[in-house]
Trainee: 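This is the structure I want to talk about, given as structure tokens.
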Amino acid sequence: MATAATASATRFTAAAGGAFHGLRWRCSPPAYQAAFLSARPRAVSLTPQRRFVAPSALYKADIQTKEEGLPETLDYRVFFLDGSGKNISPWHDVPLHVGDGVFNFVVEIPKVSSAKMEVATDEPFTPIKQDTKKGKLRYYPYNINWNYGLLPQTWEDPSFANAEVEGAFGDNDPVDVVEIGERRAKIGDILKVKPLAALAMIDEGELDWKIVAISLDDPRASLVNDVDDVEKHFPGTLTAIRDWFRDYKIPDGKPANKFGLGNKAANKDYALKVITETNESWTKLMRRSVPAGDLSLV
């Protein structure tokens, strides 16, 4: 099994090198992208390379990833396996809580890349795949500048109207995380993060929370503990995140997304409240207390 996994990883590295080399802007980027134009995307490896990461920042459970198909194809999937080699769900089986205000974060999209990867919430074991629209692979019009993914064991309930955010209903997905650390993570990495702020994005009438967080392994992690610290040590980042998610659909002819809560980032306590509430919603979903629809609960 180890030999096969090594061979698979070698094949993937070669494929990924060709697939991701040469990522280019698909339109003229907004002004706030200019600082990132010189950053060159690297090939994405699905095998966590722990030697590059402080051990305290990676989830300790024996979880591995296995790819099926080739990157940037319709059948490409990244599955998660437990220590015995059985399939598990990165959404349902990876624990949310680490302790002491720290949470697990599953990376779907590495920073400085544009392929729109996401957990397939309607497929068994919810592997990571590239999103599609009308049968075609989806890409952001320009690279995303932060590691992006989900908080496991959370769910934005589409039947719940949030009175604090214009009565918007949940988007039927796990809660999103925007991780602002300097290291470029890899698809399938499970990082320990601490929340710092929350943005209430409203996408076509649906509430789509963005939790701003930082990995514990980042050199500046000890300096930031709340929204004001982000402004101090990462100046302009919260505005850049808001504007990026506000505008990324405009090149496709769609209107800009909106933001609730006064168009500002809420503080850490509010972010923790969002995480608690969406974890409770996920618990109800798994208990079949609310309709699951097409969602896979396996």
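Position 1 is the first residue of the sequence; numbering continues from there. Everything numeric in this text was worked out from a predicted model, so none of it was measured.
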Trainee: Do Leu74 and Thr132 come within less than 4.5 Å of each other through their side chains, counting heavy atoms only?
Mentor: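 Answer yes - side chains close enough.
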Trainee: Spell out, as yes or no, whether a donor-acceptor pair under 3.5 Å connects the side chain of Arg242 to the backbone of Asn263.
Mentor: yes
Trainee: Taking all heavy atoms of Trp91 and all of Thr154, pick out the closest pair and write down the distance.
Mentor: NE1-O, 2.8 Å
Trainee: When you check the side-chain N and O atoms of Thr126 and Thr121, is any donor under 3.5 Å from an acceptor?
Mentor: no
Trainee: Test side chain to side chain contact (heavy atoms under 4.5 Å, CB included) on Lys192 and Phe105; report intermediate values, then the result.
Mentor: CA-CA 6 Å; Lys192 296 177 182 179; Phe105 157 54; over 6 Å; no
Trainee: Can you hop from Leu261 to Ile275 via hydrophobic side chains spaced under 4.5 Å?
Mentor: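 Leu261 clusters together with Ile275.
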Trainee: Give the minimum heavy-atom separation between Gly188 and Ile128, together with the two atoms involved.
Mentor: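 Looking at all heavy atoms of both residues, the closest pair is N-CD1, 4.2 Å.
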Trainee: Given 3.5 Å as the limit, does a donor-acceptor pair link the side chain of Asp247 with the main chain of Ala256, or not?
Mentor: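 The answer is no, because no donor-acceptor pair under 3.5 Å joins these two groups.
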Trainee: Kindly confirm or rule out a cation-pi arrangement of Lys210 over Phe245, judged by NZ or CZ under 6.0 Å from the six-membered ring centre and within 45° of its axis?
Mentor: yes
Trainee: Roughly how far apart are Gln130 CD and Arg77 CZ, rounded to 0.5 Å?
Mentor: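 Here the rounded value is 10.0 Å.
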Trainee: Quick one: do Tyr248 and Ile250 satisfy side chain to side chain contact (heavy atoms under 4.5 Å, CB included)? Show the steps, please.
Mentor: CA-CA 6 Å; Tyr248 80 90; Ile250 292 177; over 6 Å; no
Trainee: Side-chain contact, heavy-atom cut-off 4.5 Å: Val227 with Lys268?
Mentor: no
Trainee: Hey, does the side chain of Asp93 reach the backbone of Ile88 with a donor-acceptor pair shorter than 3.5 angstrom?
Mentor: no
Trainee: When Ile, Leu, Val, Met, Phe, Trp and Tyr are grouped by side-chain heavy atoms lying under 4.5 Å apart, directly or through other members, which residues fall in the same group as Leu223?
Mentor: none
Trainee: Applying the 4.5 Å side-chain criterion to the ILVMFWY set and letting contacts propagate, would Leu96 and Val274 be lumped into a single cluster?
Mentor: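 Hydrophobic grouping puts Leu96 with Val274.
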Trainee: Which heavy-atom pair separates Ala200 from Val165 by the least distance, and what is that distance?
Mentor: CB-CG1, 3.9 Å
Trainee: Within the side chain of Asn162, is there an N or O that forms a donor-acceptor pair under 3.5 Å with the backbone of Glu164?
Mentor: yes
Trainee: Quick check on the hydrophobic clustering: are Leu297 and Phe80 connected, directly or via other members, by side-chain heavy-atom contacts under 4.5 Å?
Mentor: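 Looking at the clustering, Phe80 is in the same group as Leu297.
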Trainee: Any sub-3.5 Å donor-acceptor pair from Ser296's side-chain atoms to Glu123's backbone N or O?
Mentor: yes
Trainee: Give the intermediate values and the outcome of side chain to side chain contact (heavy atoms under 4.5 Å, CB included) for residues Leu150 and Glu108.
Mentor: CA-CA 7 Å; Leu150 71 133; Glu108 297 167 306; 3.5 Å; yes
Trainee: State, with a plain yes or no, whether a side-chain heavy atom of Val112 is found less than 4.5 Å away from one of Asn145.
Mentor: no
Trainee: If hydrophobic clusters are built from ILVMFWY residues whose side chains come within less than 4.5 Å, do Val290 and Trp282 share one?
Mentor: yes
Trainee: Taking atom CG of Asp218 and atom NZ of Lys194, what is their separation to the nearest 0.5 Å?
Mentor: 9.5 Å
Trainee: A quick test of your reading: do over 12 heavy atoms of other residues, nucleotides or ligands sit less than 6.0 Å from CG of Asp294?
Mentor: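 Atom CG in Asp294 is not packed in, count stays at 12 or less.
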Trainee: When you group the ILVMFWY residues by side-chain heavy-atom contacts below 4.5 Å and let the links chain together, are Ile187 and Tyr140 in the same group?
Mentor: yes
Trainee: Can Trp155 and Asn172 be said to form a side-chain hydrogen bond (donor to acceptor under 3.5 Å, both in side chains), step by step?
Mentor: CA-CA 7 Å; Trp155 179 54; Asn172 202 32; 3.1 Å; yes
Trainee: Considering non-hydrogen atoms only, spot the tightest contact between Ala213 and Pro195 and give its length.
Mentor: CB-CA, 4.0 Å
Trainee: Once rounded to the nearest 0.5 Å, what's the spacing between atom CD of Glu68 and atom CG of Asp75?
Mentor: 9.0 Å
Trainee: Between Asn104 and Val98, is any pair of side-chain heavy atoms under 4.5 Å apart?
Mentor: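 The answer is yes; the side chains approach within 4.5 Å.
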Trainee: Hey, can you tell me if Trp209 and Tyr270 have their rings parallel, tilted or perpendicular (30° and 60° cut-offs)?
Mentor: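 Taking Tyr270 first and then Trp209, their aromatic rings sit tilted (interplane angle of 30° to 60°).
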Trainee: Within the 4.5 Å heavy-atom criterion, are Val119 and Pro174 side-chain neighbours or not?
Mentor: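 Val119 vs Pro174: side chains touch.
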Trainee: Would the distance check show the side chain of Asp189 and the main-chain N or O of Lys186 forming a donor-acceptor pair, the cut-off being under 3.5 Å?
Mentor: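 Side chain of Asp189 to backbone of Lys186, a donor-acceptor pair under 3.5 Å: yes, one is there.
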Trainee: Please round to the nearest 0.5 Å and tell me the distance separating atom OG of Ser113 and atom CG of Asn143.
Mentor: 6.5 Å
Trainee: To the nearest 0.5 Å, tell me how far Thr278 OG1 sits from Phe160 CZ.
Mentor: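 These two atoms lie 11.0 Å from each other.
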Trainee: For Arg183 versus Leu191, what's the shortest heavy-atom pair and its separation?
Mentor: NH2-CD2, 3.4 Å
Trainee: Quick one: are Val78 and Lys66 in side-chain contact, heavy atoms under 4.5 Å?
Mentor: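 Heavy-atom side-chain distance check fails, nothing below 4.5 Å.
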Trainee: Surrounding NZ of Lys249 (heavy atoms of other residues, nucleotides or ligands, distance under 6.0 Å), is the total greater than 12?
Mentor: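 Count over threshold, so yes.
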Trainee: Each residue besides Val298 in its hydrophobic cluster should be listed here, by chain and number; the cluster joins Ile, Leu, Val, Met, Phe, Trp and Tyr at side-chain heavy-atom distances under 4.5 Å.
Mentor: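 The other cluster members (ILVMFWY side chains, heavy atoms under 4.5 Å, direct or chained) are Phe125.
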Trainee: Answer whether the closest heavy-atom distance between the side chains of Leu285 and Leu295 falls below 4.5 Å.
Mentor: yes
Trainee: Given side chains that start at C-beta, do those of Glu118 and Lys116 come closer than 4.5 Å, heavy atoms only?
Mentor: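 Sidechains of Lys116 and Glu118: in contact.
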Trainee: Would you check, one step at a time, whether the test side chain to side chain contact (heavy atoms under 4.5 Å, CB included) holds for His92 with Met286?
Mentor: CA-CA 9 Å; His92 302 311; Met286 297 303 290; 3.5 Å; yes
Trainee: Charged N to carboxylate O under 4.0 angstrom, Lys111 versus Glu179?
Mentor: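 Salt bridge absent between Lys111 and Glu179.
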Trainee: Arg220 vs Glu182, test: salt bridge (charged side-chain N to carboxylate O under 4.0 Å, His left out). Steps then yes/no.
Mentor: CA-CA 9 Å; Arg220 289 182 283 180; Glu182 66 180 30; 5.1 Å; no
Trainee: Would you give me the side-chain donor-acceptor pairs under 3.5 Å for residues 228-239, sequence neighbours excluded?
Mentor:
| unit_1 | atom_1 | unit_2 | atom_2 | d |
| --- | --- | --- | --- | --- |
| Asp229 | OD2 | Asn225 | N | 2.8 |
| Asp229 | OD2 | Asp226 | N | 3.2 |
| Thr237 | OG1 | Phe234 | O | 3.0 |

Trainee: Which heavy atom in Tyr76 sits nearest to a heavy atom in Gly69, and how many Å separate them?
Mentor: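 Minimum heavy-atom separation between Tyr76 and Gly69: CD1-O, 3.5 Å.
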Trainee: Would a distance-only check, ignoring hydrogens and angles, find a side-chain to backbone donor-acceptor pair under 3.5 Å from Asp171 to Asp173?
Mentor: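 Yes, Asp171 side chain to Asp173 backbone: donor-acceptor pair under 3.5 Å.
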Trainee: How far does CZ of Arg246 sit from CE of Met201, to the nearest 0.5 angstrom?
Mentor: 12.0 Å
Trainee: Counting heavy atoms not belonging to Lys273, are there more than 12 under 6.0 Å from its NZ?
Mentor: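 Check passes, neighbour count above 12.
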Trainee: Give the ring-plane orientation class for Trp244 versus Tyr142, where under 30° counts as parallel, over 60° as perpendicular and anything between as tilted.
Mentor: perpendicular
